[in-house]
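Reckoned from all heavy atoms, side chains included, excluding hydrogens, waters and symmetry mates. Everything numeric here is computed off the predicted structure, so don't read it as measured data.
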Amino acid sequence: MIAPDEMPIGIFDSGVGGLSVLRHIQLQLPYEHLVYFADSGFAPYGDKPEAVIVARSLAIAEFLLQQGAKALVVACNTATAAAIKGLRERYCSVPVVGVEPGLKPAAAHSKNQLIGVLATDRTLNSTKFNLLREQVSAATGSQFLLQACIGLADQIETGDLQSSVIEALVQSYVAPLIARDVDTLVLGCTHYPFIRPLIESLIERSGKNIQLIDTGEPVARHLARRLAEHGLQRSMGGRVQLTAYTSASPAALDAAFLALLGIPTTARFMAPTQTTFQLG
């Protein structure tokens, strides 16, 4: 029998965007085993009906728990908005941590309370997001300027972060917010931290001083607290294992780990079989 604290943390996203959360978890919890699932074969989530995203998220969670996951991290804003409630209800004995656009920290950082939010259309139209937006606005007086970034996560998924297509999308989505004089910009999709240098370059050329908010770090801190509450934090020592799964190309996920995180080909990559991974 494996001791509960020796079991891995399960992390999933619609693709490789969740690796931006995984890297914060590695920094915050360097002794934890991790198992990552990239649902790239079903991406993007942003154009899928909410019921489909919920069903998919529940299926992936079940798969990760079959791999021994002691906690689940929904490293996808769209999946969190759609499915976090259902996941917590079904797996009430397991710590389930989601991500959400960092509206609260953005309001705390902003001086003029004019905040831009970059996210998928699905996230911006979700009930969960709009309830949060209304709560933060009422409490702080902040005004949130919402920008749906159609197609941006899909382009980041290709791994070519310097492509002319990505540069054009960043220009079209970020420049109008800069022109509106936002002093804080929320990266409301876990894919977006990987193009942070492009966004920062655009801001620098504008001559403005704009704070970027990435929620990966607070997610990792919250996960650490939840593990401690449940007595599940792994003690220091021993080899740390990182295992990755995908519903698309294992070679592409391998390349993404290397390109985005600088991790060489030491992790295992394999796609679950259709009989193992199904919506049921």
Side-chain angles (χ1 to χ4, degrees), residues 4-40 42-43 45 53-54 56-102 105 120 123 128 153 187-194 214-234 240-247 253 256-257 260-261 263 267 272 277:
D5 63 320
E6 286 291 324
M7 297 166 73
I9 297 164
I11 306 165
F12 78 88
D13 178 46
S14 61
V16 302
L19 297 183
S20 68
V21 178
L22 182 145
R23 67 182 175 185
H24 282 291
I25 293 173
Q26 285 182 314
L27 290 171
Q28 182 75 32
L29 299 163
Y31 306 112
E32 294 289 350
H33 302 307
L34 305 176
V35 55
Y36 184 84
F37 191 99
D39 197 16
S40 301
F42 200 68
Y45 279 4
I53 298 170
V54 172
R56 197 73 179 178
S57 298
L58 290 170
I60 295 171
E62 185 63 33
F63 175 81
L64 290 171
L65 291 170
Q66 289 172 7
Q67 311 314 305
K70 64 185 177 184
L72 296 171
V73 178
V74 188
C76 173
N77 292 85
T78 301
T80 297
I84 196 73
K85 183 175 184 289
L87 287 166
R88 286 172 174 157
E89 288 175 350
R90 178 171 294 189
Y91 305 110
C92 55
S93 63
V94 178
V96 179
V97 176
V99 298
E100 61 182 24
T120 67
T123 293
K128 180 178 175 62
L187 305 181
C189 172
T190 55
H191 283 76
Y192 301 166
F194 290 119
D214 168 12
T215 56
E217 185 177 354
V219 167
R221 290 199 303 269
H222 181 57
L223 173 63
R225 289 194 295 270
R226 294 298 308 280
L227 292 177
E229 289 168 3
H230 286 77
L232 292 174
Q233 276 193 316
R234 183 171 183 261
V240 176
Q241 295 182 339
L242 170 61
T243 307
Y245 298 89
T246 179
S247 57
L253 184 56
F257 266 87
L260 300 177
L261 299 183
I263 298 176
F277 184 76

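Side-chain contact between Leu34 and Gln26: present, with at least one pair of heavy atoms (C-beta onward) separated by less than 4.5 Å. Side chains of Leu227 and Ile9 form a contact here, defined as non-hydrogen atoms less than 4.5 Å apart. Contact of the Tyr36 side chain with the Val73 side chain is not registered, since no non-hydrogen atoms from C-beta on lie closer than 4.5 Å. When side chains are defined from C-beta on, Phe37 does not count as touching Ile11, because their heavy atoms never get closer than 4.5 Å. Two residues are said to be in side-chain contact when any heavy atoms from C-beta on lie closer than 4.5 Å; Leu232 and Pro95 meet this criterion. Contact of the Arg226 side chain with the Val97 side chain is registered, since non-hydrogen atoms from C-beta on lie closer than 4.5 Å. Side-chain contact between Leu87 and Leu58: present, with at least one pair of heavy atoms (C-beta onward) separated by less than 4.5 Å. Two residues are said to be in side-chain contact when any heavy atoms from C-beta on lie closer than 4.5 Å; Arg234 and Glu6 meet this criterion.
Note that NZ of Lys70 is 3.5 Å distant from CD of Glu32, once rounded to the nearest 0.5 Å. Distance check, rounded to the nearest 0.5 Å: CD1 of Ile84 to CG of Asn77 gives 11.0 Å. Between Cys76 atom SG and Asp39 atom CG the span is 9.5 Å, to the nearest 0.5 Å. With values rounded to the nearest 0.5 angstrom, Met7 atom CE is found 10.0 Å from Asp5 atom CG.
Aromatic rings of Tyr245 and Phe63 (six-membered ring for Trp) have centroids within the 6.0 Å cut-off, being under it.
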Exercise. Passes side-chain contact (heavy atoms from CB on, under 4.5 Å), Tyr31 versus Gln233? Steps please.
Worked result: CA-CA 9 Å; Tyr31 306 112; Gln233 276 193 316; over 6 Å; no
Exercise. After noting the C-alpha distance and the side-chain angles of Val74 and Val99, does the key distance pass the side-chain contact (heavy atoms from CB on, under 4.5 Å) rule?
Worked result: CA-CA 7 Å; Val74 188; Val99 298; over 6 Å; no
For this session: Start with the C-alpha gap between Leu223 and Gln28, add the side-chain angles, then the distance that decides, and say whether side-chain contact (heavy atoms from CB on, under 4.5 Å) holds.
Result: CA-CA 9 Å; Leu223 173 63; Gln28 182 75 32; over 6 Å; no
For this session: Under the side-chain contact (heavy atoms from CB on, under 4.5 Å) rule, what do Ser57 and Phe12 come out as? Steps first, then yes or no, please.
Result: CA-CA 9 Å; Ser57 298; Phe12 78 88; 3.8 Å; yes
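Of all non-hydrogen atoms in Leu260 and Arg23, the two that sit nearest each other are O-NH1, 4.4 Å. The two residues Gly10 and Ala69 have their closest heavy-atom pair at N-CB, 3.8 Å. Closest heavy-atom contact between Ala153 and Tyr192: N-CE2, 4.3 Å. Across all non-hydrogen atoms, the minimal contact from Cys189 to Thr120 is SG-CG2, 4.3 Å. Smallest separation of non-hydrogen atoms from Gly17 and Asp13: N-OD2, 3.0 Å. Of all heavy-atom pairs spanning Val21 and Thr190, the tightest one is CG2-CG2, 3.6 Å.
In this structure a side-chain-to-backbone donor-acceptor pair under 3.5 Å is present from Thr246 to Ala38.
For Arg221 and Glu217, the salt-bridge test passes: some basic side-chain N is under 4.0 Å from an acidic carboxylate O.
A cation-pi arrangement, defined by a distance under 6.0 Å to the six-membered ring centre and an angle within 45 degrees of its axis, is absent between Arg56 and Tyr45.
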